[in-house]
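Computed from a predicted structure; not experimentally measured.
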Amino acid sequence: MLPLTHELGLRGAEALSRAFGVDLTGKVQIDRSQKADLQCAAAMQLAKSLKQPPRALAEVLVKALAEHPAVRSTDIAGPGFVNVHLADGWLKDNVGQALSLRQIGVGQTVVIDYSSPNVAKPMHIAHIRSTIIGDAIKRVLRAVGYTVIADNHLGDWGTQFGKLIVAHRKWLDESAFAHSPVQELLRLYIMFTEQEKAQKIAIGKKVDGDADEDDDDAPPLLQEARAELVKLQQGDKENVALWKTFIDVSMREFERVYSRLDVSFDVVLGESFYNDKLANTVQLLLDKGLAEESEGAIVVRFDKARDGEAMAPLIVQKKDGGFLYGTTDIAGMLYRVEHWRASRVIIVTDDRQQLHFRQFFAACRQLGVRTSMEHVFFGLMRLAEGTISTREGNLIGLEALLDEAERRAAVVARECNSELTDSEVLEVGRVVGIGAVKYNDLSKDRTTLVTFTWDKALSLTGNTAPYLQYAYARIQSLMKKAAAAGVVPGALVSFEPTERVLVMTLLAFDDVVEQVALTSRPHALCEYLFELAAQFSTFWSELSVLKAEPEVRPGRLRLAQLTGDVLSSGLDLLGIGVLERM
RNA sequence: GCGCUCGUAGCUCAGCUGGAUAGAGUAUCGGCCUUCGAAGCCGGGUGUCGUAGGUUCGAAUCCUACCGAGCGCGCCA
């Protein structure tokens, strides 16, 4: 529908510009409407600035729009709404355009940073949102022509490695490590935290204030960890080897999850990749007079006049000379802009980091970065019992979630369709189960906290992926029967209200995809696909295809086919698969 | 204290770059499988859109204040 609404908007704007002698290009928006096929509210919006009654503008619009071949009639309603009714013939002839997407991203490169799990920790249910939302945005951007670099910005550097190295030396259980290494690393990390806490209590320090003040009276364990970290940073062979092992075993586990989720990246540039660029980054900030020394540290300050808002300063170098993740992020942004020539950089994380992103984006802007920098954030996930915490160990592993999702979907498949073979049941469980989990996260735009429950995360009825997959499977079944009966898709003949509604929705596909590409909000695509599937379900139960009069069969079959095509491409853009039978 | 994200039906959420009577799912109740797949379809009821002001022809949507929730705020990431 995009070409049409776009064209009509242009025509309307042209007509108004001519009538009133003012350039109104781009000021006339055409939207879908409940009262008609399309509506235009421009008459009221522009009335004041043109010093004309809305009605006079509406008259001009009504005439101009009515001339378009797609338009059957136009009228004015209420205070100046322009209603547009489209011609049935035009809709029937043009429904085939539904699948074509305008290539709005051609020639532009986008770097999208998502998933970004921490090395040496298992992925748990809170990691899934960044992973899935990021991957969907990647697919959508690619579909509209962008060159997309998907980057997994691994948490593979930082103070936790000092702790892990110490814990690994002291308490490693070799057989456990051989069997499930990341689980063992997690155990070591938790053990370290507990022992450190015990030492703090023993020497009479407050357990909570993990301010980790400077010094000498820090618990011995922590002092050891710091020493190991310094050795690691200085390139100590043994520590570097250990660190690499941690990364290897973690990546192997992450890959297993990504493969199950059908998620992929073009590059994996973790925090450590930017290590050798950090000193230069700080120097650059200093040279440009953007950073200054403060209490021994080096900070970037922000003010309202220059940065649009007053924010706390961002520390880019600690007084001990160490760098922080803000430094890494700035270095990362510079790299992405220079090396990839990115015109957009999108980073997907939870909403707790908003301040950090505003700070580091502002610092980048001060450095002259013109690229559009977008922080796509979502609400934190928690359990009914409380916040998910690695240290507390109250994790629900991502793999456990996926296992359970597949199991539940397989049970339902067995119950609902007795024709499926055992291996098909497993396959259906896989595609439907994973689809349900993904859709559950993709379909909500909420930035509020999400409390995890199995039943919500694994629901299989209503507005869920299985509902869409089911509509698709029924269409494929119909297509097979049609082929066997020698019916082939053809021109639309009948045009019952149900069919007309379906055509209007099919034609809106490109509009929705473009919107998602521009706003990075995949849930709009979920909403759309659900609406489409619901309208198809109504069509399916109300009207016959193969049992209808011979002359209307090809057209109805074509509608079904197009619906199936849009459903499968739409789901593919979300990273969700479809099945011929389920 | 300052800031961020929110507050819409019993529950989970759309709608928020202002547009016509505020929508889905779920739950609940009642219909629909000898006719292309019932993980489905059809029908019934529910709202101080947190509260109070303001801007406007028009506000769930924009602005201000307040109430409530979660999160964040210089040497962790």
Side-chain angles (χ1 to χ4, degrees), chain A residues 29 31 33-35 39 41 44-45 47-48 54 77-81 83 116 118 155 157-160 210-212 214 271 294-299 309-320 322-326 328-329 350-356 358-359 377-380 382 387 409 412-413 415-417 419 428 432 440 443-451 453 455-456 459-464 466-467 469-471 473-482 485 519 523-524 526-527 530-531 533-534 537-548 556-557 560 581-582:
Chain A
Q29 177 85 27
D31 302 303
S33 164
Q34 290 168 356
K35 303 260 173 181
Q39 73 168 41
M44 290 165 296
Q45 288 154 355
K48 187 158 284 180
F81 289 101
N83 288 327
S116 310
N118 288 321
W157 198 250
T159 51
Q160 76 268 26
D210 48 0
D212 278 1
D214 314 297
E271 292 169 2
S294 167
E295 296 171 32
I298 297 179
V299 306
E309 60 181 323
M311 292 179 283
L314 177 69
I315 299 185
V316 292
Q317 187 164 14
K318 301 191 278 188
K319 68 179 166 193
D320 68 5
F323 303 108
L324 293 102
Y325 83 135
T328 308
D329 282 344
D350 72 66
D351 63 359
R352 287 176 305 178
Q353 302 189 46
Q354 282 179 82
L355 175 61
H356 169 73
R358 292 210 312 279
Q359 289 174 323
F377 54 85
F378 50 83
L380 192 65
R382 51 169 280 157
T387 310
V412 174
E415 280 170 9
C416 292
N417 190 342
E419 293 175 13
V428 171
V432 171
N440 179 249
S443 62
K444 291 170 184 54
D445 195 37
R446 282 312 174 84
T447 56
T448 43
L449 175 136
V450 177
T451 300
T453 65
D455 285 342
K456 269 191 278 172
S459 163
L460 302 173
T461 56
N463 186 357
T464 62
Y467 179 82
Q469 292 166 323
Y470 180 62
R474 287 196 295 191
I475 291 169
Q476 299 324 302
S477 162
L478 179 65
M479 296 307 296
K480 262 177 242 156
K481 287 208 162 78
T519 61
H523 86 286
C526 294
E527 289 270 315
F530 177 68
E531 188 190 350
S537 296
T538 301
F539 165 89
W540 173 275
S541 58
E542 272 184 17
L543 302 172
S544 305
V545 178
L546 301 179
K547 290 174 179 149
R556 293 223 171 122
L557 191 62
R581 308 210 292 171
M582 62 184 272

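A:Glu295 comes within 4.0 angstrom of a base, heavy atoms only. Within 4.0 Å of A:Met582, counting heavy atoms only, lies at least one base atom of the nucleic acid. In this structure, A:Ser544 reaches the bases: a heavy-atom distance under 4.0 Å links it to at least one base atom across the strands shown. Across all strands, A:Lys481 comes closer than 4.0 Å only to sugar-phosphate atoms, never to a base (heavy-atom distances). Nucleic acid contact for A:Asp350: none, since no nucleic acid atom lies under 4.0 Å from a heavy atom of the residue. Using a 4.0 Å heavy-atom cutoff across all strands shown, A:Glu542 reaches no nucleic acid atom at all. Within 4.0 Å of A:Ala413, counting heavy atoms only, lies at least one base atom of the nucleic acid. Here A:Ala473 lies in heavy-atom contact (under 4.0 Å) with a base. Residue contacts shown for A:Ala312 are limited to sugar-phosphate atoms, with no base heavy atom under 4.0 Å away. A:Ser477 comes within 4.0 angstrom of a nucleotide base, judged by non-hydrogen atoms across all strands. Within the nucleic acid shown, A:Leu324 comes within 4.0 Å of sugar-phosphate atoms alone, with no base atom in reach, counting heavy atoms only.
In this structure A:Asp31 satisfies the salt bridge (charged side-chain N to carboxylate O under 4.0 Å, His left out) test with no other residue, sequence neighbours excluded. Applying the side-chain hydrogen bond (donor to acceptor under 3.5 Å, both in side chains) rule to A:Arg382 yields no partners; only residues at least two apart in sequence or on another chain are considered.
Nucleotides B:G25 and B:G40 have their P atoms positioned 11 Å apart, rounded to a whole Å. When the C1' atom is used for both B:A14 and B:C6, the distance is 15 Å, rounded to whole Å. Taking atom C1' on both B:G15 and B:G7, the two are 15 Å apart, rounded to the nearest angstrom. Here, B:U21 and B:C67 have their P atoms 34 Å apart, quoted to the whole Å. The separation of B:G1 from B:C66, taken at their P atoms, amounts to 10 Å, rounded to a whole angstrom.
Using a 30° and 60° split on the angle between ring planes, A:His356 and A:Tyr325 fall in the parallel class, below 30°.
Distance, A:Arg358 CZ to B:C71 C1': 12 Å, rounded to whole Å. In this structure, A:Phe377 atom CZ and B:G70 atom P are separated by 19 Å, rounded to whole Å. In this structure, A:Gln354 atom CD and B:C2 atom P are separated by 19 Å, rounded to whole Å. If you measure from atom CZ of A:Arg446 to atom P of B:C16, you get 13 Å, rounded to the nearest angstrom.
For RNA chain B, each stem of at least three Watson-Crick or G-U pairs (distances under 3.5 Å) is given as range with range: B:1-7 with B:67-73, B:10-13 with B:23-26, B:28-32 with B:40-44, B:50-54 with B:62-66.
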